[in-house]
Structure formats: structure tokens, C-alpha cells
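Input: a single structure, listed below in C-alpha cells.
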There are 2 protein chains.
Amino acid sequence: MYEVFFQKFNEKVQLTAEEQDFVKQYLTPKKLRKKQYLLQEGDICKHLCLVEKGALKAYVLNETGEEHITAFALEGWTIGDLSSFIKQEPATLNIDALEDCELVLLSKPAHDELLQKIPKYETYFRILMTDAYMALQKRTAYMISLPLEERYKALTDMYPTLVQRVPQHMIASYMGLSPETLSRVRSRITNRK
Amino acid sequence: MYEVFFQKFNEKVQLTAEEQDFVKQYLTPKKLRKKQYLLQEGDICKHLCLVEKGALKAYVLNETGEEHITAFALEGWTIGDLSSFIKQEPATLNIDALEDCELVLLSKPAHDELLQKIPKYETYFRILMTDAYMALQKRTAYMISLPLEERYKALTDMYPTLVQRVPQHMIASYMGLSPETLSRVRSRITNRK
DNA sequence: TAAAAGCCTTGACAAAAATCAATGCGTCTC
DNA sequence: GAGACGCATTGATTTTTGTCAAGGCTTTTA
């Protein structure tokens, strides 16, 4: 249990067996069926969530009820409404399961206590945030500076599994495009080689 | 000296006078004239940089040499090519001064040593990354889900000083728009009330 | 296994944004 | 004080993207 969680943790900061057992006390497993919500807009995000198995999406709804996907999470990725989690304020994100999921949850009190008690947890979380921020900076730079074809290619290069596994209209939403436009971008790419 | 740096630091983690003196050893002041580079694409980002005074912009250049601004920094903000800094790899960002600047620099060795020696520095940096990541997530959600008018309004609400202080074509670049389009967005906003 | 639902693609058209060009205005510089 | 430069605006036009509608294919479900 919690294999993926500790694998990811140990990639960043190596824990001893005892430390690992100690951290385990703070974790909660959770299963989610496809289409079930992990978090709904307006609720407070009570947990950060690491994906042991399955896939989820995070999205905002605009006035007209359109869904705009802001993030995906596959095995080993962490997801949640970070702002809502840190500040314990109502969430602006919705998060639901794209497939049946096995998750590891960490509550806000558990997070705060681990930050206090285990310096390695703070290191882990510092690196997690730094990596996440760097990845999002890269995405932002691509969004602003690359033409659509390049943006799509960059995405498939960076996350080939994601693009295989998730319906294309969701990739389109994530890129801020209509499904039709992404379909045309893809046909332009394949026809030009 | 370093007033703004320690003000920002103490907002996140309170340092004693002794701790503050200790951290000071690792800092370097630097002045930059308007239009001078802090960092050029291809170089390794040797320092993180906090702005004591002045303003800078970070941007990528695409194949056709167009500038796409990815970030600004005003007083109290931290800037740098984080990926290049952390991994000590060639930078993809260019950073230059929009005004004459007074900066505080922190080198990579200094950063690493402070992480080791001063737990409060790790806490500071963890919070810095978390806040930066949350802000960028917000920006990304806006980019994908809000119509142009709303996006511009959100930007002026969030960073009124920035919009005042920086030429509008740079704001347009930051938003991923042509200067003409931003000008029209603005005239639509003012004419409709 | 038949019907329904979800997904992707394509075409025709409408809307939005980029581009090109011209103008005006202020500021800096010599 | 004149010219050059940078900046914002506006108009005309082109290009890009979104929207609407239809069709075919696959998967899910009853």
C-alpha cells in the first residue's frame, strides 16, 4: 500500500524504513469510481491527493457552464486545489475521476504536522512545489509563444501517455481550444509529412 | 541594504537579528541600468534575484525573433529562470531591466548552503514556491477560461501598479495578444460603461 | 444484441484576432 | 527647437479559430 506515494517521495528525499512508517500514519487510502468527484467548486479542499492508480482531471466552469480543464493527474502525480488546501478557502476547481482510481490522501492538519515534525517532509514538499512551478512555467511559455502545431507536439512529447489515455476533446480543453480546432491541428500535422 | 528582501522574508518566516546577519553574508547587491540584461537565453542562470527597486521583464524569443513576455518583476518580487537555476542548465528565458534597478542576488551555491544550514530558509523558499505556483495556476485558469475583457480586468485588479507602470504592448505580450487587440479590448471596456 | 451515448472528423459559415498601414502624440536627444 | 523614436489608436483586410450541423465509428448499457 502507498507504493507509488513512497516511490515518488523517495525519488526526491530518501526516507528510512522507520520514517516511512511514521509518515504512513498520516495517510489515508481512497478509491474513486469513474466520474465521481474528488472535489467540487465551493467546497474546501481538505486533502492533497496522490494518484496510485487511475486518472483525474481538474477544471473550472465558466458562467455558461463550459468546462475548462486546468490539469490532469495520472499515476504518481499529485492533484488538488492547492490554493483552497493551503488557505482552507472555498475551491474554484472541480476534480473528478476519468477512470476508477486508487488515491492516497493527506489532510491539511496532517500536512501541517508533517511540516513541523519531519524536516524531510518539508524538503519533499519544497521540491514538489518547485517542480510543479517549473513545469507550469514551461507550459505557460509554450502557450504564449508557440504556434498550435508546436504546442500540440510539445504536449505529446512531454506526456505521451496522457495524450493516448485521455479523450482528445479534453486535451483540446486543456490547451484552450475547441475540439474541432484540435482535430484540424492534428490532421495538419499528419498530412504535412 | 536588503530592506525589501528581508521584509519579504520576514512576512513568510520571522528571522532573528542574528539569523538575518547570517543570511546577509550570502547576498550580493547589484545595480542594473534600464535595458541591461540580467540573463540571456543560453547562459546559465547563476542567481535568483529579488527586486529592491525598479522593474524587469522575462521573455522568450521564438524563431522569428518575436518577444513573448512570461513574467514581470517589481519591487519585492523574485525573478530568474528557475529551471536553469535549479538544474544549472542553459536558460530559455531572457531577463532585462525596464527601469534602472537595484537587485539582491543569491547564487546557486549560496542557495544550496542556506537550504542545508538554515531550516527557516527552506521554509521561506517552500512558501515562495508554493505562492508562486498558486499565482501561476490562477493565471493559467484565467487564460483558458475567461474572455479577453475579463482577463484584462482581472489583471488590472490584481496588479494595478504593473499595468500603470509598464507599456501596454508589453502587457499585451504577457497576455499573448497583439498590441492592437489589447487596445481594442480596452476601448470596448471603457465604452461599455 | 439493439439502442444509446460518446467521440472524432469534416464542411460551411460566423466571429475573433492578427496583420498591415497610417496617424497623432508625447518624450528624448542632439 | 527640430527631428527621431516609442507608444497607442484606428481602419481595412486577411487569417485563424469558433460554432453549428451532419456523419460515421466505437463503446457502453439496458
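We name chains A, B, ... by the order of the sequence lines, and we start the count at 1 in each one. Only this structure's heavy atoms are used, side chains among them; waters, hydrogens and symmetry mates stay out.
- Dashed line: the shortest gap from a side-chain N or O of Thr181(A) to OP1 or OP2 of dG18(D) is under 4.0 Å.
- There is no side-chain donor-acceptor pair under 3.5 Å between Ser183(A) and Gln168(A).
- Pairing each heavy atom of Asn94(B) with each of Glu41(B), the nearest pair is OD1-N, 3.0 Å.
- Atom pair Leu182(B):CG and dT9(D):P shows a separation of 8 Å (rounding to whole Å applied).
- Rounded to whole angstrom, the span from the CE atom of Met143(A) across to the C1' atom of dT17(D) amounts to 14 Å.
- Between His111(A) and Tyr26(A), the distance from one ring center to the other does not fall under 6.0 angstrom.
- Residues Glu67(A) and Lys57(A) are in side-chain contact: their nearest non-hydrogen atoms beyond the backbone lie under 4.5 Å apart.
- Using a 30° and 60° split on the angle between ring planes, Tyr121(A) and Tyr124(A) fall in the tilted class, from 30° to 60°.
- Using a 4.5 Å heavy-atom cutoff, the side chains of Glu113(A) and Gln116(A) are not in contact.
- Across the protein-nucleic acid pair, Leu148(A) atom CG and dA16(C) atom P stand 18 Å apart, rounded to whole Å.
- Classification of Asp112(A) and Lys108(A) as a salt-bridged pair holds, one side-chain N sitting under 4.0 Å from a carboxylate O.
- With hydrogens and angles left out, the side-chain atoms of Glu122(A) and Thr123(B) include a donor and acceptor closer than 3.5 Å.
- As a whole-Å value, the separation of Glu99(A) CD from dG6(C) C1' is 16 Å.
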Which letter, B, S or -, goes with each nucleotide of nucleotides 23-30 of chain C from 5' to 3', with contact meaning a protein heavy atom under 4.0 Å?
--------

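- The distance from atom CG of Asp100(B) to atom NZ of Lys53(B), rounded to the nearest 0.5 Å, is 8.5 Å.
- For Tyr152(B) and dA17(C), the OH to P distance is 16 Å, given to the nearest whole Å.
- For the segment residues 161-179 of chain A, the set of residues with a heavy atom within less than 4.0 Å of an atom of DNA chain C comprises Pro167(A), Gln168(A), His169(A), in numerical order.
- The distance between atom CZ of Arg188(A) and atom P of dT15(D), rounded to the nearest whole Å, is 14 Å.
- In terms of position along DNA chain D, the nucleotide closest to Lys35(B) lies nearer the 5' end than the nucleotide closest to the other residue of the pair Glu180(B) and Lys35(B).
- The interatomic distance linking Glu67(B) (CD) with dG6(D) (C1') rounds to 14 Å, in whole Å.
- When the P atom of dG18(D) is taken as reference, atom CD1 of Ile144(B) falls 12 Å away, rounded to whole Å.
- No hydrogens or angles were tested; on distance alone, a donor-acceptor pair under 3.5 Å links the side chain of Arg184(B) to the base of dT19(C).
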